[in-house]
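The structure appears below as structure tokens.
Only a predicted model underlies this, so the values are computations on that prediction, with no experimental measurement involved. Values below: all heavy atoms of this structure, side chains included; hydrogens, waters and symmetry mates excluded. We name chains A, B, ... by the order of the sequence lines, and we start the count at 1 in each one.
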Amino acid sequence: MDISKRFNPKEIEDKWYRFWEEKGYFSGRVNPEKEPYSIVIPPPNVTGILHMGHALNNTIQDILIRYQRMRGREALWIPGTDHAGIATQNIVEKEIARQGLRRQDLGRDRFLKRVWEWKEEYGSTIIHQLKKLGVSCDWSRTRFTMDNEYSYAVREVFVRLYNKGLIYRGNYIINWCPRCQTALSDEEAPHREIEGFLYYIRYPLKKAGIRSSRSAKRNFKRVGLYGDYIVVATTRPETMLGDTAVAVNPRDARYRQLIGETLILPLINRQITIIADNIVDKEFGTGAVKVTPAHDPNDYLLAKKHKLDFINIMHPDGSLNDNAGDYKGMDRFQARKVILDDLKRNNLLERVEPHRLSAGHCYRCNTIIEPYLSRQWFVKMKPLAKPAIDVVRKGKIRFYPVRWKKVYLNWMENIQDWCISRQIWWGHRLPVYYCRDCQRESAEALADSLPTLEMTKSTGGRDSSVGSDGVIVSTSTPANCPVCGSGDIYQEEDVLDTWFSSWLWPFATFYWPRSDYSMDGSSPMSDLSYFYPTSALVTAPEILFFWVARMIMAGIEFMGDIPFRDVYIHGTVRDISGRKMSKSLGNAIDPLEIISEYGADALRFCLASSASQGDLFLAKEKFEMGRNFANKIWNAARFVLMNLEPSETMGDLCASFKENDLRLIDRWVLSRFYSMLKEVNRYLDDYRFSEAANLMYAFFWHEFCDWYLEIAKNNLRQKSTQLIMYKVLEKMLRILHPFIPFITEEIWHLLPHARESVMIQRWPHVQDEMIDKDMESQVGLLFEIIKTIRNLRSQIELKPERKAVVSIYLHAKARQQLIRENSDLIVNLGRLESLEVLGVSGRPQGTISSTTGEADIYLHFSGLVDINKERNRIKERRLGLDKMVKVKEQRLKNTEFVKKAPPPVVAKEREDVKKLKDESERLEKMLRELH
RNA sequence: GGGCUCAUAGCUCAGCUGGUUAGAGCGUCACGUUGACAUCGUGAAGGUCAGAGGUUCGAGUCCUCUUGGGCCCACCA
């Protein structure tokens with residue numbers, strides 16, 4: 001047979017991927033005969049390009065899917081992409097910016113057309129890249145979160161929640177990204193520490209000369225033109241332009257006399273009042289807080305409570321507006337500088353301290369978030385969260401590793417309402433319409449526009465604006481106002497948060513709210529009812545709140561059932577120094593580069609074997625391990641196939657096979673295989689991929705290749721050897737297939753059998769009757785002896801080509817038979833001329849010696865033996881043994897131990913002592929015999 | 001400020017519900033073209049399991065504290 005010496009992944013990967021696709025192996029269809037197993041892919045952004053995180057995430061899913069498919073489940077993996085509102089819009093905006101255009105120049109419709117064109121052209125990049133990985137998604141079901149049917153599901157959900165009173169609209173402080181010019185949810189504005197400053201600013205009192213107490217004196221001094229003042233501390237001095245009060249703690253003696261007094265807000269000369277509230281921390285700063293209701297969430301609440309004015313000083317792009325007086329038109333950070341200069345000039349900046357603070361950052365463009373008062377839409381989360389907490393707490397949904405359960409519950413129990421409106425164009429437009437005629441009659445008419453409200457008096461509570469005043473919510477565009485019949489209707493400009501569509505993914509991908517959809521049209525049940533709830537969700541920790549938690553809520557709310565049973569959360573991919581792998585840091589390893597250099601199998605295997613409990617620390621060299629393993633498998637297969645009789649087929653081999661033909665080593669390798677398989681099964685069912693991968697690796701390489709195949713070289717003409725080599729290889733291909741699908745398929749087709757693909761084979765059964773631990777330990781002794789001989793050889797630097805003569809004394813008579821029967825094995829692997837089994841103990845002339853736990857081994861040596869070296873070696877070993885004996889004897893002397901430890905543990909301890917002592921005595925004897 | 005997590009060989013990590021002579025891969029050193037594989041083989045060196053207490057007959061494994069990393073959440077201006 002002509003098989004290349006090296007495995008060359010490039011030549012075969014595309015071929016087999018096409019083969020699987022053409023055969024339709026990836027498709028999952030309703031099949032009442034089979035138990036379903038389904039996974040929905042975490043849909044990558046249409047803007048996405050494959051990175052290591054994707055590679056890891058999808059490798060794991062593919063392992064699960066292929067494994068379950070082989071176990072006889074109807075496996076379905078639904079792929080798709082996410083429209084990624086802000087990210088995609090940003091890309092297309094950048095594109096048109098090269099032509100000097102802003103999206104506003106094109107207008108909404110033309111801009112959206114451009115985005116769709118972009119999507120058509122580049123949107124499936126990541127899909128093609130995923131295929132390179134070998135993933136077995138059912139591509140005929142590929143979904144996009146802005147597909148027509150999907151969009152309908154989104155509107156349906158909005159309407160249902162609105163009608164239930166769970167969606168409301170109102171003016172609140174939200175996270176505003178001045179660069180993207182949209183609101184963001186709390187999750188989209190992660191806090192990051194920044195090195196900033198705390199600025200202490202003097203606010204003069206209108207009525208000078210008030211002293212509250214002696215202790216306060218240093219806080220009140222005369223400054224320039226102004227009278228006495230109060231000092232406030234802030235990290236964002238520019239917001240002072242929007243201040244409408246200063247707050248102090250009512251129990252703060254320093255300021256008690258000043259409560260209710262009026263201050264002159266510097267630079268803008270507005271009169272503001274000193275108010276008292278318990279939320280003010282006396283210890284922080286000066287104990288006096290400037291209150292900026294329109295630009296700080298705390299101040300907002302304070303202002304509601306104290307009925308203060310809300311002054312918005314900023315345009316949506318972060319520049320200051322008309323309310324900012326002389327600073328109007330400046331960018332917020334530029335304004336900060338100028339304001340600080342002006343304050344300094346007026347002797348109003350008391351001091352500046354370095355101050356570390358954490359601020360929200362836009363998760364799309366990393367711009368510092370501005371807390372911004374604007375009219376937005378929200379989902380009330382508490383009612384949705386409650387049942388979603390229950391299902392996790394009761395274990396209906398299980399997290400792997402389990403610690404994520406706590407993280408989930410902690411977040412869910414403190415959940416805040418979800419801001420779902422975005423001031424961008426690419427996305428699902430809110431199914432909200434306004435009737436102009438009704439609005440005209442409404443007192444709140446002016447407030448529907450984008451968040452440009454400049455100054456409003458405080459309004460009522462959080463729910464004040466729900467469902468009133470010309471608002472129509474409907475899945476389809478209404479022709480007339482259902483209240484007044486007017487046709488003067490327009491749709492809400494805002495679109496929904498991308499995650500407002502993603503959270504429906506586990507059922508909207510099955511065409512929910514339709515309940516009758518099935519892919520092949522003639523199924524006895526719908527896809528949704530067959531495949532939902534899905535079996536497992538595999539994802540990264542970053543999107544636990546964004547996505548996983550919300551899917552659980554949506555599943556329960558709209559399907560009445562959990563969306564998945566298991567959640568497996570894998571680690572984050574980092575570089576070798578622990579930094580998160582990212583394009584911007586320049587430390588990313590491109591999976592496609594790894595594939596082309598080492599092969600997709602190498603990539604997959606390395607990722608799987610690195611995917612233990614924590615994060616993954618990767619360096620390019622690490623993938624060599626996978627490549628080497630693939631090559632090892634390749635060559636082992638080559639060896640096995642080269643040594644099968646050309647005409648042999650599996651059937652011929654089996655037919656000529658008799659149980660008693662099996663040699664000890666044959667039974668050993670089978671026993672080891674099934675022992676390993678048993679554990680692999682357990683690990684896979686427990687989402688412990690690295691353990692499963694490493695077990696297979698160790699067995700294949702260090703047991704099957706290093707021992708079995710090496711021994712087989714001397715029995716190649718025996719049918720049983722050929723059969724067992726073949727059998728183990730064949731079974732290994734099956735169980736390795738989910739991890740390394742390409743090479744296993746390639747080798748599969750080189751096997752002399754007729755079955756068309758390894759991918760659709762059954763996962764092997766554990767044959768318990770083949771597992772024999774006692775026999776394994778007998779073989780273990782044989783290996784020990786061989787290793788000891790090799791060790792002795794290397795000590796006297798005996799060249800490999802020189803055959804040695806060895807005598808063995810077995811301490812247990814029963815083992816003599818074992819050694820005699822398998823002496824050929826020791827002779828061959830020990831490179832011996834002959835092996836003698838001694839009847840009595842004692843050192844033969846001209847030998848060097850060593851022991852295993854059960855045998856004394858003497859290697860005949862004609863050269864000069866360095867007696868001292870030999871003696872030291874034996875002594876050292878004895879020392880070690882005696883130390884262990886001491887520890888164990890001490891343990892046995894302890895009556896508590898003997899009384900309380902379980903009998904088998906005590907028995908084993910006794911046995912160990914006996915064995916160790918024996919060995920020690922034999923070493924002692926060897927020592928005596930040396931002279 | 002709250003929570004989670006980690007600290008085991010030079011590096012990256014295993015070590016499951018406490019009882020091994022503490023393992024693997026990579027790296028290092030020595031030897032090697034034995035009829036698959038140098039992307040290989042054989043052998044070796046290398047660890048007081050971060051530190052201190054405690055629970056227990058027994059702790060790398062459980063508890064507390066200390067030290068040092070990492071991550072997440074949070075409305076300290």
Side-chain angles (χ1 to χ4, degrees), chain A residues 3 5-7 173 186 190-191 198 232-236 239 247 279-281 283-286 288-292 296-301 355 357-358 371 403-404 406-407 410-411 414 541-542 544-545 572 574 576 578 580 598 602 609-610 612-619 621-622 624-625 627-643 682-683 686 688 690-691 694 697-698 702 705-706 709-710 713 716 787 790-791 793-795 797-801 828 831 853 880-881 883-884 887-888 891 894-902 904-906 908-909 912 916:
Chain A
I3 307 174
K5 256 171 94 160
R6 284 191 183 177
F7 171 56
I173 298 269
D186 295 342
H191 283 72
L198 197 54
V232 298
T234 179
T235 55
R236 296 187 296 151
T239 61
I279 75 157
V280 178
D281 179 358
E283 308 305 320
F284 192 91
T286 61
V289 190
K290 60 192 271 313
V291 182
T292 319
D296 183 280
N298 274 331
D299 296 358
Y300 173 85
L301 294 175
H355 182 71
L357 67 151
S358 78
R403 72 186 134 94
W404 292 105
K406 261 189 246 168
V407 180
N410 184 47
W411 187 76
N414 298 296
E542 299 97 85
L544 180 60
F545 307 140
T572 304
R574 300 175 183 283
I576 209 76
K580 192 170 167 177
Y598 300 105
S609 78
S610 311
S612 51
Q613 303 284 341
D615 290 346
L616 291 82
F617 299 84
L618 299 176
E621 306 81 64
K622 288 204 169 185
E624 286 172 12
M625 182 265 245
R627 176 199 60 183
N628 295 355
F629 185 42
N631 195 58
K632 188 74 182 178
I633 296 168
W634 181 254
N635 276 290
R638 194 165 149 242
F639 176 77
V640 171
L641 294 171
M642 275 163 64
N643 289 295
R682 212 187 73 219
Y683 284 139
D686 246 0
R688 297 174 61 168
S690 62
E691 285 89 341
N694 294 337
Y697 177 98
H702 298 305
C705 292
D706 288 356
L709 291 187
E710 285 308 314
K713 282 176 181 171
L716 283 172
K787 281 191 196 167
R790 285 169 173 169
N791 192 305
R793 290 182 62 115
S794 109
Q795 268 168 45
E797 289 172 5
L798 193 63
K799 296 274 172 214
E801 64 272 20
N828 286 322
R831 305 196 56 72
L881 287 176
K883 220 164 156 188
M884 275 189 278
V887 169
K888 284 175 186 286
R891 210 172 281 167
N894 185 340
T895 51
E896 291 298 294
F897 171 70
V898 179
K899 219 165 33 187
K900 288 182 179 168
V905 172
V906 180
K908 183 171 179 297
E909 217 58 12
D912 283 354
L916 292 168

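A straight line from CG of A:Leu798 to C1' of B:U34 spans 14 Å, rounded to a whole angstrom. Protein atom CG of A:Asn694 is 10 Å distant from nucleotide atom P of B:G15, rounded to whole Å. In this entry the distance linking NZ of A:Lys290 with C1' of B:A77 reads 8 Å, nearest Å. Between A:Phe639 atom CZ and B:A36 atom P the separation is 7 Å, expressed in whole Å. Here the P atom of nucleotide B:U34 and the CG atom of A:Leu716 are 16 Å apart, to the nearest Å. The CD1-P distance, from A:Ile633 to B:C40, rounds to 13 Å in whole Å. Straight-line distance from the CZ atom of A:Arg831 to the P atom of B:U34: 9 Å, rounded to whole Å. Summarising the geometry, the separation between CG on A:Asn631 and C1' on B:G41 is reported as 14 Å, rounded to the nearest angstrom.
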What nitrogen or oxygen pairs link the protein and nucleotides 1-5 of chain B at under 3.5 Å?
none

At a cut-off of 3.5 Å, list every protein nitrogen or oxygen paired with a nitrogen or oxygen from nucleotides 44-49 of chain B, distance to 0.1 Å.
from	atom 1	to	atom 2	distance (Å)
B:A44	OP1	A:Asn791	ND2	2.9

Can you tabulate the close N/O pairs, meaning under 3.5 Å, that link protein atoms to atoms of nucleotides 22-30 of chain B?
from	atom 1	to	atom 2	distance (Å)
B:G25	OP1	A:His702	NE2	3.0

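Only the P atoms considered, B:C62 is 7 Å distant from B:U17, to the nearest whole Å. Taking the P atoms as reference points, B:C71 lies 16 Å from B:U12, given to the whole Å. Look at the C1' atom in both B:A36 and B:C26: the space between them is 24 Å, to the nearest Å. For the C1' atoms, the distance from B:C57 to B:U5 is 32 Å, rounded to whole Å. When the C1' atom is used for both B:C65 and B:U55, the distance is 15 Å, rounded to whole Å. Taking atom P in both B:A9 and B:C49, one finds a spacing of 10 Å when rounded to whole Å. Across the C1' atoms, B:U28 and B:C63 are found 40 Å apart, a figure rounded to whole Å. Only the P atoms considered, B:G60 is 15 Å distant from B:A7, to the nearest whole Å.
Listed by chain and residue number, A:Lys899, A:Lys900 satisfy the salt bridge (Lys or Arg N to Asp or Glu O under 4.0 Å) test with A:Glu896 (two or more places apart in sequence, or in another chain). With sequence neighbours excluded, the residues forming a salt bridge (Lys or Arg N to Asp or Glu O under 4.0 Å) with A:Glu542 are A:Lys580, listed by chain and number. For A:Arg831, the side-chain hydrogen bond (donor to acceptor under 3.5 Å, both in side chains) test picks out no residue, with sequence neighbours left out. Not counting sequence neighbours, the partners of A:Phe629 by the ring pair (Phe, Tyr, Trp, His ring centres under 6.0 Å) test are A:Phe605, A:Tyr697. For A:Lys406, the side-chain hydrogen bond (donor to acceptor under 3.5 Å, both in side chains) test picks out no residue, with sequence neighbours left out. A:Lys632 meets the salt bridge (Lys or Arg N to Asp or Glu O under 4.0 Å) test with no other residue; sequence neighbours excluded. Residues passing the side-chain hydrogen bond (donor to acceptor under 3.5 Å, both in side chains) test with A:Ser609, sequence neighbours excluded: none. Residues passing the side-chain hydrogen bond (donor to acceptor under 3.5 Å, both in side chains) test with A:Lys5, sequence neighbours excluded: none.
Between the base of B:C37 and the side chain of A:Lys632 there is a donor-acceptor pair shorter than 3.5 Å. Judged by distance alone with a 3.5 Å cut-off, a donor-acceptor contact links the side chain of A:Lys713 to the base of B:A36. Residue-to-nucleotide contacts include a donor-acceptor pair under 3.5 Å from the side chain of A:Arg682 to the base of B:C16.
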For RNA chain B, the expected dot-bracket line (Watson-Crick or G-U under 3.5 Å, [ ] crossing, | inter-strand) is (((((((..((((.....[...)))).(((((.......))))).....(((((..]....))))))))))))....
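Between A:Asp281 and A:Val289 the shortest side-chain heavy-atom distance does not fall below 4.5 Å. Looking at A:Lys908 and A:Asp912, their side chains come closer than 4.5 Å, going by heavy atoms from C-beta outward. Counting only heavy atoms from C-beta outward, the side chains of A:Asn828 and A:Lys713 never approach each other to under 4.5 Å.
With A:Pro371 as the partner, the side-chain contact (heavy atoms from CB on, under 4.5 Å) test is satisfied by one option alone out of A:Ile173, A:Thr292, A:Asp296, A:Asp299: A:Ile173.
OP1 and OP2 of B:C76 both lie 4.0 Å or more from every side-chain N or O belonging to A:His355.
Closest to the side chain of A:Glu691, out of B:G43, B:A14, B:C75, is B:A14. Listed nucleotides B:G19, B:U21, B:U39 differ in distance to A:Arg627; the shortest reach to its side chain belongs to B:U39. Of the candidates B:G19, B:C31, B:U21, the closest approach to any side-chain atom of A:Lys799 belongs to B:C31. Taking only side-chain atoms of A:Arg6, from C-beta outward, the nucleotide of B:C37, B:U39, B:U21 with the closest atom is B:U39. Picking from B:G43, B:A74, B:A77 the nucleotide with the shortest atom distance to the side chain of A:His191 gives B:A74. Of the candidates B:U34, B:G19, B:C16, B:C16 carries the atom nearest the A:Arg688 side chain, counting heavy atoms from C-beta on. Relative to the side chain of A:Asn894, the nucleotides B:A36, B:U39, B:C57 differ in distance, and B:C57 lies closest. Closest contact between the side chain of A:Glu896 and the listed nucleotides B:U21, B:U34, B:C57 involves B:C57. The side chain of A:Asp186 has B:A74 as its nearest neighbour among B:A77, B:A74, B:A14.
Note on A:Asp706: only backbone sugar-phosphate atoms sit closer than 4.0 angstrom, heavy atoms only; bases stay farther off. No engagement by A:Lys899 is indicated, since no non-hydrogen atom pair under 4.0 Å with the nucleic acid exists.
Between the CG atom in A:Leu798 and the CZ atom in A:Arg790 there is a gap of 13.5 Å [rounded to 0.5 Å].
Distance alone, capped at 3.5 Å, places no donor-acceptor pair between the A:Asp686 side chain and the A:Arg688 backbone. When atom types are taken as modelled, the side chain of A:Asn635 and the backbone of A:Asn631 share a donor-acceptor pair closer than 3.5 angstrom.
Taking the six-membered ring where tryptophan is involved, the planes of A:Trp634 and A:Phe7 are tilted, since the angle between them lies from 30° to 60°.
Each of A:Met884 and A:Leu616 lies near RNA chain B, and the nucleotide nearest A:Leu616 is the one positioned closer to the 5' end. Between A:Val905 and A:Phe7, the residue anchored closer to the 5' end of RNA chain B is A:Val905, taking for each the nucleotide with the nearest heavy atom.
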Test log, rule side chain to side chain contact (heavy atoms under 4.5 Å, CB included), inputs A:Phe284 and A:Leu198: CA-CA 11 Å; A:Phe284 192 91; A:Leu198 197 54; 4.0 Å; yes
